[in-house]
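Computed from a predicted model, the values in this text were never measured in an experiment.
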Amino acid sequence: MDVPQPRSTSDSPIPDFLPMERLILAVCATRTPADGRSIADKTVRADFLERLVTGQVKGLPGEIRTIHLIGASIVGELVLTGLDIGYPLTFDWCKFDQAPRLCDANLLSLSLTDSTIPGLDATGMRVRGSVSMVRVVSTETIDLRYAQIDGVLHFRECDLRSSSHAVRASQMAVRSNVSFAKTVVSGQIRMIGAQIGGAAIFRGADLHSPNDVCLQAERTEIDEGLWFDADATRRAATVEGRIILDNARVGGSILLSGVALTQPHRGSTRKRLKDRPTSLQAYGLKVTRDIRCDQEFRSDGAIGLCFASVEGTVSFDTATFAPGAADTAADPSLVDLSGTSAGMVELDFAQPPATLDMTNVSARVVTDNPSTWPAVIVLDGFAYDRLSSPQPVTVRERIRWLTRGDTNYRPQPYEQLIAAYRRAGQEHEARVVGYRKQHARAKEVRGISRIWSGILWATVGYGYRTWLASVWLIGLTALGWSVFTPIGESAIAAVEKPPQFHSLVYSVDLLIPVVSLGQDSTWRFDSGARWVAWGLILSGWVLTTAVATAIARVLRQG
């Protein structure tokens with residue numbers, strides 16, 4: 001192609017143009033790419049581009065419509081700081097030997113494809129269109145802090161590396177999607193306080209920051225969803241390190257289905273997670289739909305999803321917490337959901353964590369599976385409307401669930417289970433749980449209270465087996481009848497013209513203190529039988545008090 005030669009003037013600081021630079025000058029006003037793949041010398045000096053953008057290069061054939069370089073090698077530091085550039089900047093198959101600087105620049109759009117850069121400094125950059133990087137290799141930090149992008153921020157099939165932060169995007173604002181699809185990130189993605197008007201997409205991405213933080217997104221706001229899962233044509237993301245989502249807000253769902261969280265990071269400052277290998281930390285997270293860690297999701301570290309608000313479902317169905325560094329005696333695996341509220345919680349694990357903390361969790365529906373219950377389940381303060389399971393769960397299994405790995409008596413889990421059974425119309429199961437609650441409580445009390453608990457257990461089953469009082473009454477009546485019948489002639493009348501002595505009626509009269517049948521007040525014994533009579537009177541008062549206590553409990557529950 002015949003390339004027009006720009007005029008060299010005394011005003012031009014670069015009078016001798018290189019071949020690739022002459023090509024750029026020839027086509028930049030025509031929206032035609034400057035394709036240097038057929039040119040032997042592909043060098044473009046960074047200061048040439050700076051002078052070109054700022055209008056300091058003379059001899060242009062017209063107004064610049066685009067700067068689109070193909071196959072160029074840009075040498076030197078390209079500094080476009082603070083410039084207002086009203087046309088697209090596009091670099092395909094290009095190589096930069098220094099990181100471009102676009103701080104506070106105002107761009108129409110920026111695109112790099114199949115290019116290599118030693119990082120990018122775009123702090124405070126404003127882009128009216130989109131920023132796209134496809135199959136880009138970056139060997140240092142891409143800095144997008146405080147950047148504002150009206151379109152999408154798109155990384156696809158890129159290789160982003162850094163010894164510390166591969167991408168720095170704190171306080172960044174993007175009106176549409178942020179995508180790292182099929183991108184390998186070696187180092188940390190840091191986007192604290194970012195605002196994303198679409199979805200944050202990590203499908204098929206590989207995040208590598210072993211034993212460190214790989215994604216730090218505290219206080220980030222995402223309007224449509226945070227997606228790590230696989231779709232019909234892509235594999236799920238793989239994650240090495242810890243994801244931090246503290247106080248973030250996600251307008252859609254967080255999808256981690258099928259994702260493997262490996263190489264967890266020690267270093268959380270959160271109390272429960274401190275010095276514990278942690279894969280996901282999300283304190284105070286707000287999600288308007290679901291959090292799905294299901295479909296063969298795997299975590300080698302702890303999950304800290306505490307004080308979160310999830311309007312939909314929190315799912316760990318078929319999730320695996322694999323043995324290893326996070327499942328040893330020193331660091332048992334943990335899923336901590338304490339303080340979280342959700343519409344539904346699904347806990348049918350493929351391999352459960354060592355500990356599941358449900359302290360103060362609230363949910364409308366909870367599904368679980370006895371065959372995959374963790375060894376330790378903390379349920380104090382756990383509130384729910386209904387329990388569900390893929391297989392029938394007996395009330396005795398549910399009682400063991402209440403105390404699984406927790407030897408301390410906690411009344412709330414019992415009361416919650418009783419309420420759930422009653423809402424389901426299962427009154428018998430509710431009474432069984434109530435009985436076991438009182439039995440567990442009795443083991444905690446001391447002194448007179450423990451004695452009284454023992455009496456209530458023996459006489460009325462803490463108010464849940466009132467038929468026991470009838471057994472005691474019949475048994476004690478039979479005892480008195482058998483004692484007083486053979487010695488009835490030795491009874492001493494306490495009044496004139498007493499009624500005939502009846503040993504059976506006399507025994508009943510002794511046992512029922514609130515009813516007088518005329519026998520107790522009429523007849524006395526001076527022999528050893530009087531001790532039996534006194535014993536029956538005392539037993540009657542004990543039985544009456546126990547029955548009254550049971551009735552009072554029933555009335556309170558009603």
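Here Tyr283 pairs with nothing under the ring pair (Phe, Tyr, Trp, His ring centres under 6.0 Å) rule; sequence neighbours left out. By the ring pair (Phe, Tyr, Trp, His ring centres under 6.0 Å) test, Phe155 is found to be paired with Phe180, residues two or more places apart in sequence or in another chain being considered. With sequence neighbours excluded, no residue forms a ring pair (Phe, Tyr, Trp, His ring centres under 6.0 Å) with Phe316. Residues passing the salt bridge (Lys or Arg N to Asp or Glu O under 4.0 Å) test with Arg175, sequence neighbours excluded: Asp150. For the side-chain hydrogen bond (donor to acceptor under 3.5 Å, both in side chains) test, residues two or more places apart in sequence or in another chain that qualify with Arg128 are Asn106. Legend: residues meeting salt bridge (Lys or Arg N to Asp or Glu O under 4.0 Å) with Asp317, ordered by chain and number and at least two apart, are absent. Contacts of Asp121 classified as salt bridge (Lys or Arg N to Asp or Glu O under 4.0 Å), with partners at least two apart in sequence or in another chain: none.
In this structure the side chain of Val131 reaches within 4.5 angstrom of the side chain of Met125, judged on heavy atoms. Looking only at side-chain heavy atoms (C-beta outward), Trp401 and Leu387 come within less than 4.5 Å of each other. The side-chain heavy atoms of Phe202 and Leu215, taken from C-beta on, include a pair separated by under 4.5 Å. Proximity of Val345 to Phe382: side-chain heavy atoms (C-beta onward) are nowhere separated by under 4.5 Å. Considering only heavy atoms from C-beta on, Phe297 stays 4.5 Å or farther from Ser315 through its side chain. Looking only at side-chain heavy atoms (C-beta outward), Cys293 and Ile303 stay at 4.5 Å or farther from each other. Residues Leu245 and Thr220 have side chains not in contact (no heavy-atom distance under 4.5 Å, counting atoms from C-beta outward).
Between the side chains of Ser268 and Thr278, not a single donor N or O lies within less than 3.5 Å of an accepting N or O. When only modelled atom types and interatomic distance are considered, Asp41 and Thr43 share a side-chain donor-acceptor pair under 3.5 Å. No hydrogens or angles considered: nothing links the side chains of Asp300 and Thr262 as a donor-acceptor pair under 3.5 Å.
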Table please: side-chain donor-acceptor pairs of residues 247-256 below 3.5 Å, with sequence neighbours left out.
from, atom 1, to, atom 2, distance (Å)
Arg249, NH2, Asp223, OD1, 2.9
Ser253, OG, Asp290, N, 3.2

Side-chain donor-acceptor contacts of residues 83-101 below 3.5 Å, not counting sequence neighbours, with atom names and distances?
from, atom 1, to, atom 2, distance (Å)
Asp92, OD2, His68, NE2, 2.8
Asp97, OD1, Gly76, N, 2.9
Asp97, OD2, Gly76, N, 3.4

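Among Val185, Leu160, Val184, the single residue meeting the side-chain contact (heavy atoms from CB on, under 4.5 Å) criterion with Leu207 is Val185. Considering Arg219, Arg270, Gln216 as possible partners of Asp246, the one that fulfils the side chain to side chain donor-acceptor pair (under 3.5 Å) test is Arg270.
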Item to complete: Would you check, one step at a time, whether the test salt bridge (charged side-chain N to carboxylate O under 4.0 Å, His left out) holds for Arg203 with Asp229?
Response: CA-CA 6 Å; Arg203 285 170 170 158; Asp229 63 322; 3.1 Å; yes

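Evaluation of the salt bridge (charged side-chain N to carboxylate O under 4.0 Å, His left out) test over residues 354-366, restricted to residues two or more places apart or in two chains, returns Arg272-Asp357. Legend: side chain to side chain donor-acceptor pair (under 3.5 Å) pairs involving residues 374-390, not counting sequence neighbours: none detected. Contacts classified as side chain to side chain donor-acceptor pair (under 3.5 Å) and involving residues 304-313 (residues at least two apart or in different chains) are not found.
Counting only distance, with no hydrogens or angles, the side chain of Gln195 and the backbone of Glu221 share no donor-acceptor pair below 3.5 Å. Side-chain N or O atoms of Ser115 include none that pairs as donor or acceptor with a backbone N or O of Leu112 at under 3.5 Å. Distance alone, capped at 3.5 Å, places no donor-acceptor pair between the Gln263 side chain and the Asn211 backbone. Although no hydrogens or angles enter the test, the distance criterion places a donor-acceptor pair under 3.5 Å between the side chain of Arg22 and the main chain of Phe17. No donor-acceptor pair closer than 3.5 Å links the side chain of Ser176 to the backbone N or O of Val152. Using modelled atom types, no side-chain atom of Ser162 and backbone atom of Gly187 make a donor-acceptor pair closer than 3.5 Å. Thr183 places a side-chain N or O within donor-acceptor distance of the main-chain N or O of Ala181, the cut-off being under 3.5 Å.
Residues Ala166 and Ser186 approach most closely at CB-O, 3.9 Å, considering heavy atoms.
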